[in-house]
Chemist: 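Here it is, the structure in full.
What you see is a predicted model; the values in this text were computed from it and never measured. The sequence lines fix the lettering, A, B, ..., with proteins before strands; numbering per chain opens at 1.
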Number of protein chains: 2
Amino acid sequence: MGRMDLEAIAARLRRHGVTPTSQRLKIASVLFSCMEHLSADQVMLAVNRRKPVASKATVYNTLNLFVKKGLIREVIIDPSKLLYDPRTDQHHHFYDIATGKLSDIDFSELPIHSLPALPHGTMLDGIDIVIRTRPATA
Amino acid sequence: MGRMDLEAIAARLRRHGVTPTSQRLKIASVLFSCMEHLSADQVMLAVNRRKPVASKATVYNTLNLFVKKGLIREVIIDPSKLLYDPRTDQHHHFYDIATGKLSDIDFSELPIHSLPALPHGTMLDGIDIVIRTRPATA
DNA sequence: TTCGTTGCAAACCCTTTGCACGCAC
DNA sequence: GTGCGTGCAAAGGGTTTGCAACGAA
């Protein structure tokens, strides 16, 4: 898991109105260099692997802050926990129901040709597509 | 909220390998006659509105049993709680992020023209599409 | 009798929160 | 000194589970 340049990450945080602290930098570094869909718990473990860096409260607070500031996105697929997605561009997901593994689908690979009429008084906010898969029967 | 004929519901349960008990019939009745997306808590309230009919444990156990037997489906959209969907046919959902309200989209209204290649060693299990909406700015 | 079903309460797990400490400006 | 950031521990809320009592065949 390569480590993105810390200065670049700090700039990214600032661009989103987030003051870069050492904990936030470490957490952002884990999210952006690993580029997988991590749970809060996995972030917690990765961040504190070598030495204690951030407490559980800080990890949760920071992840929520990042979401609010648009640095990452929540993924709601696993009913038992939230996952965090370092990609914020339009894309979708494969979800393996056996392994729980998530993988990305580029927006261009799954274009939506037409939308049904939205309910009265509402406007579009976004579209989430999850393609559930399971291990192929041998 | 009209009440579906109990005998028809009992038959439906039996067809799915579920022994119809009075609690299960009442829970199924709530789900199938109301035809909305209810949380376990809402089912609990609806079922026991007039007189105590089923305990919390029974409601949860029964909902899980129904899901396992294919009578209803879980909907994972609200990170704070599961919703249960009395429809089991292919369809999708609108989700109002402000009100939390879910509504159905018939499969025919949102056809998928082509799927991206599935990850190696996996097969399709299903597709879930959620169109997030928010109240239109007046 | 026997096995499946129910109910209560406690346990569980992820997430949030209250509050005091600490650091930066 | 003031305010934001952090950490610990406890609370919170939805869901699951252990176990005893119950009920239908």
Chemist: Using a strict 4.0 Å threshold on nitrogen-to-oxygen distance, state whether B:E36 and B:K101 make a salt bridge.
Modeler: yes
Chemist: Given D:dG5, C:dA9, C:dT5, identify the nucleotide with an atom nearest to the side chain of A:T19.
Modeler: D:dG5
Chemist: Round to the nearest Å and state the distance from B:K81 atom NZ to C:dT16 atom P.
Modeler: 14 Å
Chemist: I want to verify a distance call: between C:dT15, C:dT6, D:dG7, whose nearest atom is closest to the A:T58 side chain?
Modeler: D:dG7
Chemist: Looking only at the side chain of A:R24 (C-beta and beyond, no hydrogens), which of the listed nucleotides D:dG5, D:dT16, C:dT15 gets closest?
Modeler: D:dG5
Chemist: Expressed in angstrom and rounded to an integer, what is the separation of A:Q23 atom CD from D:dC4 atom P?
Modeler: 17 Å
Chemist: Without decimals, in angstroms, what is the distance between B:M44 CE and D:dT16 P?
Modeler: 15 Å
Chemist: Is a salt bridge present between A:D106 and A:R87, judged by a nitrogen-to-oxygen distance below 4.0 Å?
Modeler: yes
Chemist: So, A:D125 and B:R134, do they make that salt bridge, N to O below 4.0 Å?
Modeler: yes
Chemist: Between A:Y60 and C:dT16, is there a contact of a side-chain N or O with OP1 or OP2 at under 4.0 Å?
Modeler: no
Chemist: Expressed as a whole number of angstroms, how long is the span from A:E74:CD to C:dC14:P?
Modeler: 16 Å
Chemist: I need the CG-C1' distance between A:D78 and C:dC13, as an integer number of Å.
Modeler: 12 Å
Chemist: Considering only side-chain heavy atoms of B:A40, which listed nucleotide, D:dC8, D:dT15, C:dT15, is closest?
Modeler: D:dT15
Chemist: Measure from CG on A:D41 to C1' on C:dT16 and round the result to the nearest Å.
Modeler: 16 Å
Chemist: Could you tell me the separation between the CD1 atom of A:I76 and the P atom of C:dC14, rounded to a whole number of Å?
Modeler: 17 Å
Chemist: Take B:K56 and B:V53, find for each the nucleotide of DNA chain C with the closest heavy atom, and name the residue whose nucleotide sits nearer the 5' end.
Modeler: B:V53
Chemist: Are any of B:N64's side-chain N or O atoms less than 4.0 Å away from OP1 or OP2 of D:dT15?
Modeler: no
Chemist: Might you point out which heavy atoms bring B:V53 and B:Q23 nearest each other, and give the distance in Å?
Modeler: O-CG, 3.3 Å
Chemist: Can you classify the ring geometry of A:H92 versus A:F107 as parallel (below 30°), tilted (30 to 60°) or perpendicular (above 60°)?
Modeler: tilted
Chemist: Starting at atom NZ of B:K68, determine the distance to atom P of D:dT16, rounded to an integer number of angstrom.
Modeler: 12 Å
Chemist: The side chain of A:A57 is closest to which nucleotide in this list: C:dT17, D:dT6, C:dG7?
Modeler: C:dT17
Chemist: Are B:S39 and D:dG14 close enough that a side-chain N or O sits under 4.0 Å from OP1 or OP2?
Modeler: no
